[in-house]
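Working notes for the structure below.
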Amino acid sequence: MAKNQFSYIELPATDVAVLKSFYGNVFGWTHQDWGPDYVTAHGSGLEAGYNGSDEGRSKSPLAMIETDAIEAVAEQVEAAGGAITQPIFQYPGGRRFHFTDPSGNELAVMQPDK
């Protein structure tokens with residue numbers, strides 16, 4: 001059975017270093033760099049990251065739902081009236097896709113590597 005629970009939120013960043021400083025100073029979060037355009041935040045309660053990539057950055061905060069059956073969930077999203085906006089792709093630590101729900105909200109589904 002797939003997990004299918006919110007497990008991650010990704011914030012778009014125009015400057016990753018500025019967000020690291022802001023959230024570190026305000027909330028005491030620590031960070032791990034994954035290259036110049038991506039950082040994960042630790043201590044935020046829900047796993048989180050900041051995406052500064054020009055081509056991969058969402059327009060607003062991106063909630064992610066974790067699953068262990070990514071292909072099946074992608075099919076179910078489309079069958080239920082959602083639209084895939086970024087097909088399944090590999091990233092460090094797993095695979096994910098982005099979609100919009102029938103109200104236009106953009107979300108992502110992720111499947112971590114085993």
Side-chain angles (χ1 to χ4, degrees):
M1 181 64 153
K3 293 180 182 182
N4 298 330
Q5 296 177 342
F6 284 107
S7 64
Y8 197 87
I9 187 161
E10 184 176 274
L11 302 178
T14 54
D15 187 325
V16 171
V18 168
L19 281 190
K20 283 173 56 177
S21 177
F22 176 81
Y23 287 108
N25 289 330
V26 173
F27 299 109
W29 298 350
T30 60
H31 299 92
Q32 180 176 354
D33 294 316
W34 295 96
D37 294 328
Y38 203 90
V39 171
T40 53
H42 302 286
S44 61
L46 187 65
E47 290 291 317
Y50 317 142
N51 188 346
S53 168
D54 287 337
E55 63 276 351
R57 180 178 56 227
S58 61
K59 293 177 183 155
S60 59
L62 182 68
M64 294 192 200
I65 300 163
E66 184 175 337
T67 189
D68 58 8
I70 196 165
E71 288 85 1
V73 172
E75 290 175 11
Q76 292 169 344
V77 163
E78 290 185 310
I84 305 293
T85 58
Q86 287 188 38
I88 296 171
F89 63 94
Q90 188 74 38
Y91 68 95
R95 298 183 302 148
R96 78 185 205 201
F97 71 90
H98 295 203
F99 70 96
T100 53
D101 66 18
S103 289
N105 297 300
E106 183 180 14
L107 296 99
V109 174
M110 60 179 263
Q111 181 172 339
D113 290 335
K114 294 183 180 187

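For the single chain, residues carry numbers from 1 onward in sequence order.
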(request) Could you tell me which residues satisfy side-chain hydrogen bond (donor to acceptor under 3.5 Å, both in side chains) with Asn25, sequence neighbours excluded, listed by chain and number? (result) Ser21
(message) If you apply the rule side chain to side chain contact (heavy atoms under 4.5 Å, CB included), what do you find for Tyr8 with Thr40, and how did you get there?
(response) CA-CA 10 Å; Tyr8 197 87; Thr40 53; 3.4 Å; yes
(message) To the closest 0.5 Å, what do you measure between CD (Gln32) and NE2 (His42)?
(response) 4.5 Å
(request) Please examine the side chains of Asp113 and Gln90, heavy atoms only from C-beta on, and report whether any two atoms are closer than 4.5 Å. (result) yes
(request) Kindly work out whether a path of hydrophobic side-chain contacts (I/L/V/M/F/W/Y, heavy atoms less than 4.5 Å apart) joins Leu107 to Val77. (result) yes
(request) Mark yes or no for whether Glu66, through its side chain, and Ser7, through its backbone, hold a donor-acceptor pair below 3.5 Å. (result) no
(request) Can you measure from CD (Glu106) to OG1 (Thr85) and round to the nearest 0.5 angstrom? (result) 4.5 Å
(request) Compare every heavy atom of Ala80 with every heavy atom of Pro102, then report the nearest pair and how far apart it is. (result) CG-O, 4.4 Å
(request) Identify the heavy atoms of Gly52 and Arg57 that sit nearest to each other, and give their distance. (result) O-NH1, 3.3 Å
(message) Please find the pair of heavy atoms, one from Leu46 and one from Phe6, that lie closest to each other, and give the distance.
(response) CD1-O, 4.1 Å
(request) Quick one: list whatever passes side-chain hydrogen bond (donor to acceptor under 3.5 Å, both in side chains) with Asp33, sequence neighbours left out. (result) Lys20
(request) Take Phe97 and Gln111 through the side chain to side chain contact (heavy atoms under 4.5 Å, CB included) test and state the conclusion after the steps. (result) CA-CA 9 Å; Phe97 71 90; Gln111 181 172 339; over 6 Å; no
(message) Does the plane of the ring in Phe27 sit parallel, tilted or perpendicular to the ring in Tyr23? Use 30° and 60° as the thresholds.
(response) parallel
(request) Sort and list the pairs that fulfil side chain to side chain donor-acceptor pair (under 3.5 Å) and have at least one residue in residues 10-19, not counting sequence neighbours. (result) Glu10-Tyr38, Glu10-Asn51, Glu10-Arg96
(message) Once rounded to the nearest 0.5 Å, what's the spacing between atom CG of Leu62 and atom CE of Met110?
(response) 11.0 Å
(message) Between Ile84 and Ile70, is there shared hydrophobic-cluster membership here, with clusters defined by ILVMFWY side-chain heavy atoms closer than 4.5 Å?
(response) yes
(request) Compare every heavy atom of Ile9 with every heavy atom of Pro61, then report the nearest pair and how far apart it is. (result) CB-CD1, 4.2 Å
(message) Measuring from atom CG of Leu19 to atom CG of Leu11, what distance do you get when rounded to the nearest 0.5 angstrom?
(response) 7.0 Å
(request) Please collect all salt bridge (charged side-chain N to carboxylate O under 4.0 Å, His left out) contacts where either partner lies in residues 70-82, sequence neighbours excluded, each pair once. (result) Glu71-Arg95
(request) With rounding to the nearest 0.5 Å, note down the distance linking OH in Tyr50 to CH2 in Trp34. (result) 15.0 Å
(request) Go through the structure and list residues passing side-chain hydrogen bond (donor to acceptor under 3.5 Å, both in side chains) with Ser58, not counting sequence neighbours. (result) none
(request) Determine, using the 4.5 Å side-chain heavy-atom cutoff (strictly less than), whether Ile65 and Phe89 are members of one ILVMFWY cluster. (result) no
(request) Could you tell me which residues satisfy side-chain hydrogen bond (donor to acceptor under 3.5 Å, both in side chains) with Gln76, sequence neighbours excluded, listed by chain and number? (result) none
